[in-house]
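First up is the structure itself, then whatever we jot down about it.
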Amino acid sequence: QVQLVESGGGLVQAGGSLRLSCAASGRTFVTYYKAWFRQAPGKEREFVAAITWNTGGTYYADAVKGRFTIDRDNAKNTLFLQMNSLKPEDTAVYYCAVRTGYGLALARDEYDFWGQGTQVTVAS
C-alpha cells in the first residue's frame, strides 16, 4: 500500500554527479526519518544518509560526508540524494527507506518501508 519509487540512477565517470529521487505515495503513514541505503554486489546493505523529515536535520555515513547531500520536499513527499565527486566504490543499488519510529536509526532493520532501488555505477 505504501510505495517508494527511486529514480535518477545511471552510469557516470569517476568524479561525476548524480541526483537520486524517491517519491512516496499510498496510504498515510507517520514519517520521522527517511534515509538512503546502498548495497554493492556481494556486500550487505549499508547506511548512506538520513534526514529528519520535519526539521531537515541530516546524518551521513563517513564514507560519503562532504560528497553527498540528502534533502527532501515535504509537500511532495520526495526524498533526494545529491551525489558529487563519485568514486567507483560508490557503485551500488541505492534504496530509499522510511522509518516510522522515534529516534535516529542507522540499521536496515529499523526502517519500515523500502523502495525497489536504483542502480548507480561509477566507472573509473
Side-chain angles (χ1 to χ4, degrees):
Q1 294 181 343
V2 175
Q3 299 180 40
L4 301 174
V5 180
E6 301 97 335
S7 62
L11 173 65
V12 297
Q13 297 295 315
S17 298
L18 285 173
R19 185 171 177 82
L20 306 183
S21 299
C22 174
S25 62
R27 71 172 180 86
T28 301
F29 57 90
V30 176
T31 299
Y32 292 104
Y33 293 91
K34 285 189 174 180
W36 290 96
F37 287 75
R38 66 186 183 186
Q39 188 166 19
K43 295 187 176 182
E44 297 182 30
R45 193 169 299 185
E46 66 175 356
F47 172 81
V48 175
I51 188 166
T52 304
W53 199 246
N54 289 331
T55 68
T58 58
Y59 313 88
Y60 297 94
D62 288 343
V64 306
K65 285 182 178 178
R67 299 189 297 119
F68 291 10
T69 302
I70 188 171
D71 56 81
R72 88 296 190 202
D73 185 332
N74 290 27
K76 296 182 178 180
N77 291 318
T78 302
L79 178 72
F80 303 99
L81 184 68
Q82 178 67 45
M83 305 185 294
N84 298 324
S85 301
L86 283 162
K87 304 175 180 179
E89 51 262 44
D90 295 318
T91 295
V93 176
Y94 283 71
Y95 300 88
C96 66
V98 173
R99 172 172 166 80
T100 61
Y102 287 98
L104 175 65
L106 307 181
R108 175 183 178 180
D109 60 6
E110 295 175 298
Y111 284 79
D112 303 289
F113 304 108
W114 294 84
Q116 295 300 307
T118 185
Q119 177 70 48
V120 172
T121 302
V122 184
S124 61

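Values in this document were obtained by computation on a predicted structure and should not be read as measured data.
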Run the ring-ring contact (aromatic ring centres under 6.0 Å, His included) test against Phe68 and tell me which residues pass, sequence neighbours left out. none

Following the transitive rule for hydrophobic clusters with a side-chain heavy-atom cut-off under 4.5 Å over Ile, Leu, Val, Met, Phe, Trp and Tyr, establish whether Trp36 and Ile51 coincide in one cluster. yes

NZ or CZ of Arg45 within 45° of Tyr95 ring axis and under 6.0 Å: yes

Closest non-hydrogen atom pair, Ala61 against Phe47: CB-O, 3.5 Å

Give the cluster check for Val120 versus Phe80: same hydrophobic cluster or not, with ILVMFWY residues linked at side-chain heavy-atom distances below 4.5 Å. no

Within the 3.5 Å criterion, strictly below it, is a donor on Arg38 or Tyr94 matched to an acceptor on the partner's side chain? yes

Closest approach of Val64 and Val48, non-hydrogen atoms and distance? CG2-O, 3.5 Å

Minimal non-hydrogen separation, Ala123 against Leu11, with atom names: CB-CD1, 4.2 Å

Show every side-chain hydrogen bond (donor to acceptor under 3.5 Å, both in side chains) that has at least one partner inside residues 75-88, sequence neighbours left out. Ser17-Asn84, Arg19-Gln82, Gln82-Asn84

Do you know which of Trp53, Tyr102, Tyr111 makes ring-ring contact (aromatic ring centres under 6.0 Å, His included) with Tyr32? Tyr102

Could you give the distance from OG1 (Thr69) to CE (Met83), rounded to the nearest 0.5 Å? 11.0 Å

Taking the side chain as everything from C-beta on, heavy atoms only, tell me whether Asp112 gets closer than 4.5 Å to Val2. no

Are any side-chain N or O atoms of Trp114 and backbone N or O atoms of Leu4, one a donor and one an acceptor, separated by less than 3.5 Å? no

From CZ (Arg99) to NZ (Lys34), nearest 0.5 Å: 15.0 Å

Is the closest side-chain heavy-atom distance between Leu79 and Leu81 below 4.5 Å? no

Between Thr118 and Gly8, which heavy-atom pair has the shortest distance, and what is it? OG1-N, 4.3 Å

Non-neighbouring partners of Asp62 that pass salt bridge (charged side-chain N to carboxylate O under 4.0 Å, His left out), sequence neighbours left out: Lys65

Closest heavy-atom pair, Tyr33 versus Thr52, reported as atoms and distance to 0.1 Å, is CE2-OG1, 3.2 Å

Is a side-chain N or O of Glu6 found less than 3.5 angstrom from the main chain of Gln116, in a donor-acceptor match? yes

Report yes or no: do Ile70 and Leu86 belong to one cluster of Ile/Leu/Val/Met/Phe/Trp/Tyr joined by side chain heavy-atom distances under 4.5 Å? yes

Tell me the closest heavy-atom pair linking Pro88 and Ala14, and the distance in Å. CD-CB, 4.2 Å

Non-hydrogen side-chain atoms of Gln119 and Thr91 separated by less than 4.5 Å: yes

